Amino acid sequence: MRQRRIKDLDSKIEAFRQYCIDSPGEYKGRWREEFAGSRPFAIEIGCGKGQFITRMSERHPDWMFLGFEGHRSVALHALEKERETGSENVRFVLQYIRSLDEIFADGEVDWIFLNFSDPWPKERHAKRRLTYGEKLKEYARVLSPGGILEFKTDNDGLFEYSLEQVLKQGCFVVEEVTRDLHVAKAPSEYVTTEYEDKFSAAGKSINFMRLKKA
């Protein structure tokens with residue numbers, strides 16, 4: 001989706017400097033020392049406008065959250081939401097990330113959220129999908145023992161592909177799968193994204209899986 005150009009974007013983002021981490025690789029191996037401590041440490045890859053991560057931070061004030069979003073004009077909305085909530089347990093990385101291995105040590109993260117990731121529908125772009133086999137191995141490396149990966153999408157094809165990759169790689173145990181999350185669970189049991197609200201209102205079912213590090 002084409003995003004509206006925001007005037008003076010850099011200066012507007014600068015006003016939220018306290019929520020941003022510019023060089024995440026510098027914290028590899030010491031995220032807990034600097035931010036999380038003994039709290040559960042969760043990341044969302046592609047946090048968009050921030051509805052999910054800010055609501056999760058309110059629901060779980062005893063967790064630490066880190067959101068990744070490379071599209072800065074989109075991320076500005078997430079920063080604004082974070083200021084509105086007033087919670088202090090969220091930070092953002094406004095960059096596209098090539099590899100989590102460059103940012104986190106093995107076992108450093110407890111929870112990973114992938115919400116409505118780009119499906120990259122053409123087969124030649126399969127390696128760009130966030131649920132490509134090698135990516136799943138990467139997530140498993142940075143997750144702590146028993147760590148959780150949750151994946152949501154409206155794209156049925158991507159969901160089936162992702163489930164196939166999970167079963168093929170064997171680095172996760174499938175704990176839960178549903179192809180209609182909002183029917184399978186009560187509203188109090190999940191937190192939505194902006195895209196999720198839009199698709200659900202249009203009658204599109206939401207695919208969901210929860211995976212546990214094997």
Side-chain angles (χ1 to χ4, degrees), residues 1 3 6 9-10 12-37 39-105 108-118 128-131 135 138-139 142-144 147-154 190-198 206 208 210-211:
M1 183 182 296
Q3 296 296 328
I6 298 177
L9 177 61
D10 288 344
K12 289 179 179 178
I13 287 178
E14 185 62 30
F16 298 96
R17 179 53 47 199
Q18 70 269 33
Y19 300 126
C20 300
I21 296 176
D22 293 329
S23 302
E26 295 180 0
Y27 295 98
K28 181 177 179 178
R30 55 189 188 91
W31 283 97
R32 293 192 177 281
E33 176 186 340
E34 296 291 337
F35 296 100
R39 297 183 289 179
F41 181 34
I43 67 174
E44 183 184 9
I45 303 175
C47 67
K49 294 181 179 180
Q51 177 172 294
F52 178 85
I53 197 168
T54 53
R55 289 184 178 177
M56 284 291 288
S57 73
E58 292 179 298
R59 181 173 289 199
H60 300 285
D62 55 331
W63 290 29
M64 186 68 201
F65 294 89
L66 183 65
F68 291 88
E69 179 54 60
H71 203 307
R72 290 166 64 83
S73 63
V74 173
L76 177 61
H77 296 286
L79 293 168
E80 291 171 340
K81 285 185 176 71
E82 173 58 17
R83 182 169 62 185
E84 289 170 6
T85 64
S87 60
E88 293 296 328
N89 58 332
V90 184
R91 296 294 182 271
F92 295 93
V93 175
L94 310 189
Q95 304 170 22
Y96 291 110
I97 302 303
R98 292 179 302 176
S99 171
L100 293 184
D101 288 326
E102 298 175 354
I103 299 172
F104 303 109
E108 199 166 18
V109 178
D110 298 307
W111 217 289
I112 298 175
F113 297 101
L114 303 177
N115 293 318
F116 300 89
S117 309
D118 192 328
R128 299 185 183 185
R129 297 169 190 161
L130 293 187
T131 51
K135 285 288 186 184
E138 182 181 301
Y139 304 147
V142 303
L143 279 170
S144 58
I148 300 294
L149 169 64
E150 289 191 4
F151 174 62
K152 284 196 288 189
T153 181
D154 64 302
Y190 57 83
V191 174
T192 63
T193 74
E194 291 89 349
Y195 277 118
E196 187 171 354
D197 290 341
K198 177 182 177 181
I206 305 301
F208 170 82
R210 177 183 288 119
L211 312 173

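Computed from heavy atoms alone, side chains included, the values below leave out hydrogens, waters and symmetry copies. On a predicted model such as this, the values are computed, not experimentally measured, just so you know.
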Polar side-chain atom of [X] near backbone of [Y] as donor-acceptor pair, under 3.5 Å:
{"X": "Glu138", "Y": "Leu100", "value": "yes"}
{"X": "Gln95", "Y": "Asp22", "value": "yes"}
{"X": "Glu44", "Y": "Gly67", "value": "no"}
{"X": "Glu150", "Y": "Phe113", "value": "no"}
{"X": "Tyr195", "Y": "Asp154", "value": "no"}
{"X": "Arg32", "Y": "Arg39", "value": "yes"}
{"X": "Asp110", "Y": "Ala42", "value": "no"}
{"X": "Lys28", "Y": "Asp101", "value": "yes"}
{"X": "Lys81", "Y": "Lys49", "value": "yes"}

Hey, could you give me the [atom1]/[atom2] distance between [X] and [Y], rounded to the nearest 0.5 Å?
{"X": "Ile103", "Y": "Tyr27", "atom1": "CD1", "atom2": "OH", "result": "12.5 Å"}
{"X": "Phe151", "Y": "Thr131", "atom1": "CZ", "atom2": "OG1", "result": "4.5 Å"}
{"X": "Phe104", "Y": "Leu66", "atom1": "CZ", "atom2": "CG", "result": "5.0 Å"}

Do [X] and [Y] touch side chain to side chain, with heavy atoms closer than 4.5 Å?
{"X": "Ile206", "Y": "Phe116", "value": "yes"}
{"X": "Val90", "Y": "Thr54", "value": "no"}
{"X": "Met56", "Y": "Trp111", "value": "no"}
{"X": "Asp118", "Y": "Arg128", "value": "no"}
{"X": "Ile45", "Y": "Tyr139", "value": "yes"}

For Arg98, does the CZ atom have more than 12 heavy-atom neighbours from other residues, nucleotides or ligands under 6.0 Å away?
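No, not enclosed.
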
Between Ser87 and the options Arg55, His60, Glu82, Glu58, the side chain to side chain donor-acceptor pair (under 3.5 Å) test singles out Glu82

Only residue of Asn115, Thr192, Thr193 satisfying side chain to side chain donor-acceptor pair (under 3.5 Å) with Gln51 is Thr192

In this structure, is the centre-to-centre distance between the rings of Tyr190 and Phe208 below 6.0 Å?
no

